[in-house]
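Taking it in order: structure first as structure tokens, then the write-up.
For the numbers below, each heavy atom of this structure counts, side chains included, while hydrogens, waters and symmetry mates do not. All figures in this text were calculated on a predicted structure; none of them were measured in a lab.
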Amino acid sequence: MTKSFNTRPALTKITEGLTLITMAGLTFASAAALASAPIEMVEPVVHQLPTVEITVKKHQLPTVVVVAKRAHVA
């Protein structure tokens with residue numbers, strides 16, 4: 001009589017533990033990176049572009065008349 005061993009619960013717990021450790025490590029690494037390097041604020045450079053004026057002539061489209069005829073179905 002053999003008994004099969006189910007590895008799914010063990011692998012799930014190991015995976016969840018590794019995920020938690022990885023997320024905590026990334027959180028501490030990003031916090032340490034932000035805390036150690038002070039960021040110097042630089043004045044933004046604003047460029048003023050010249051004003052552009054566009055004039056368009058109004059076009060009149062031709063009138064379209066649609067004529068429909070009923071088809072005779074036999």
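The CD1 atom of I14 lies 9.5 Å from the OG1 atom of T7; values are rounded to the nearest 0.5 Å. Between atom CG of residue N6 and atom CG of residue L11 there is a gap of 9.0 Å, rounded to the nearest 0.5 Å. Note that NZ of K13 and CG of L18 are 14.0 Å apart. Values are rounded to the nearest 0.5 Å.
Screening L26, L20, T19 for a side-chain contact (heavy atoms from CB on, under 4.5 Å) involving T22 leaves a single residue, L26.
The hydrophobic cluster containing M41 does not contain V45, counting ILVMFWY residues as joined when their side-chain heavy atoms lie under 4.5 angstrom apart, directly or transitively.
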